[in-house]
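No hydrogens, no waters, no symmetry mates; every other heavy atom, side chains included, goes into these values.
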Amino acid sequence: MVGEAEAHSGWAARLRRFACPPPMEYCEFCRAEIPAEHAHLLDVAGRRLACACRTCALAFAGRVDAAYRAVPSRVQAMREFYLTDSEWSGFHIPIDMAFLFHSTPQARPIALYPGPAGAAEQALSVDAWSMLIANNPTLADLSPDVEALLVNRLRGRRDYYRASIDHCYALVGLIRANWRGLSGGGEVWDLIDSFFARLRLDGDGLAEQRHD
Amino acid sequence: MPDRDRARLDSSLCHIDVLIKAIEEAPESSAREPARELIEIVLDLHALALARIMAAAAACEDRRLLSTLAEDAQIKAMLLLHGLHPEEAETRVRRALDRLRPQLGVQGVGIQSGRVAVEAGRLVVHVFAHAGGDGEQRRAWRREIEQALLDAAPDLEEIVIVGLDDVDSPASPDNDLSRAALARG
Ligand SMILES: [Zn+2]
């Protein structure tokens, strides 16, 4: 009844969305109206994502020295990944889920991991990061600040993604918004599962990332 | 419902997407907004009338009227569109899974539904599935399950099925460990 590309939302939802579109969002740089799916620019020093129209996003594309960096939204599951449990423990990240990247303002690699209060930071030793890259050479061309190695080792999983930073912050936001009580509550863990389930679909190239 | 009517309903629903796309991509942007508004008004008129019909049916002592309305495919489609169907999305989805179970069973796919929850228009279905087959085959099953759930709940913005990736490995019980670990973080 519906096309495969849109298999994730029903005809009634799409008709409603068309007839009563959700309120518009605005580009933080030129105040133009932008659709719900839009580009983001990373405020590098503030570690914050800013919503942007296409024109403004393009203006920053390829500029590495600017205060804002374009975030090309993408995710790729890394099928062959080499990281032993003891190497992971050596990173001293207190939970089994984190994203690791090179931070330009701090001039070193760092790991951020989500928690009830947002993202917390764990410094990574340059040696540990170099070892990770040596064992997994595709990490060598991660774009600093805007692209990360996203790790999910929850419930015995060993999933590794090369993910743009907007995906990583989406996970952080999801957890902060839905955390209840001491252990988070059942809901947040289901949402984390769903997040990674969708990431796996996207990372397998079954769903296209759109931001126009 | 006669097959002819069923086919007509299906083709209408299918055509909606094509027409929406055509309007959204129309070169004359001045025509786009009136077209959208026209649809909004017509939908509103129908929604108000349907809501009154359903209220009258619900007030009726004979409960059969309400269930006849809710089960008729043609009427059901309109009730779902306007958010007036008496059954919650969770119930409809659970029923769809129940109907799907024997069909997938003969193909060697076992599914058991766990939590089914709707939040902000997004439905999360936890499925415990066991099946053989390669990645391609599992993706085909996933599509089949997703399609059946979407047909049951076309009013949802998004359906996420959790658990189909784990068809080869039994659900691991170490959740509590990682949950405790995250709580510390
Ligand atoms: Zn702009």
Side-chain angles (χ1 to χ4, degrees), chain A residues 1-22 36 93-98 113-117 119-120 122 152-157 159 175 177-179 181-198 200-201 204 206, chain B residues 10-11 13-14 16-17 20 23-24 36-37 39-44 77-78 80-83 115 117 119 121-122 124 126 135 139 142-143 146-147 149-166 169 171-185:
Chain A
M1 201 189 292
V2 287
E4 198 174 293
E6 292 188 299
H8 285 272
S9 89
W11 65 269
R14 290 195 296 276
L15 179 54
R16 262 195 233 156
R17 203 189 308 140
F18 171 75
C20 326
I93 297 167
I95 69 166
D96 287 331
M97 155 172 75
Y113 57 91
Q122 172 67 45
N152 173 21
R153 293 167 58 96
L154 295 171
R155 309 182 184 198
R157 293 203 84 95
D159 292 347
I175 293 175
N178 295 285
W179 192 273
L182 263 183
S183 65
E187 195 77 14
V188 75
W189 292 97
D190 291 341
L191 290 169
I192 292 169
D193 277 351
S194 317
F195 175 88
F196 281 108
R198 264 187 304 169
R200 280 196 291 279
L201 277 180
D204 285 341
L206 289 180
Chain B
D10 282 353
S11 93
L13 298 185
C14 210
I16 286 175
D17 280 329
I20 287 179
I23 295 176
E24 278 176 338
R36 190 200 62 74
E37 224 173 302
I39 293 166
E40 188 178 3
I41 289 174
V42 174
L43 284 181
D44 279 353
M78 288 304 99
L80 290 173
L81 173 60
H82 296 293
R115 259 177 65 87
E119 192 180 279
R122 201 175 71 174
V124 182
H126 288 252
R139 274 194 284 276
R142 177 199 289 271
R143 276 196 294 273
E146 275 171 352
Q147 193 56 60
L149 301 189
L150 269 177
D151 288 347
D155 48 334
L156 295 175
E157 282 291 342
E158 193 177 2
I159 289 185
V160 177
I161 302 179
V162 178
L164 286 188
D165 291 332
D166 305 320
S169 57
S172 64
D174 65 347
N175 309 358
D176 292 336
L177 268 182
S178 43
R179 284 173 193 206
L182 186 58
R184 284 202 308 274

Next item on the list: May I have the step-by-step check of side chain to side chain contact (heavy atoms under 4.5 Å, CB included) for Leu150(B) and Trp11(A), ending in yes or no?
Entry: CA-CA 9 Å; Leu150(B) 269 177; Trp11(A) 65 269; over 6 Å; no
Next item on the list: Could you tell me which portion of Leu80(B) (side chain, backbone, both or neither) has an atom closer than 4.5 angstrom to a non-hydrogen atom of chain A?
Entry: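 Just its backbone gets close to chain A.
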Next item on the list: Side chain from CB out, backbone as N, CA, C, O: work out which of these in Ile41(B) comes under 4.5 Å of a heavy atom of chain A, or both, or neither.
Entry: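 Neither; nothing under 4.5 Å.
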Checklist line | Name of the residue among Asp155(B), Ile16(B), Asp17(B) meeting side-chain contact (heavy atoms from CB on, under 4.5 Å) with Leu15(A) | finding: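 With Leu15(A) as partner, side-chain contact (heavy atoms from CB on, under 4.5 Å) holds for just one option, Ile16(B).
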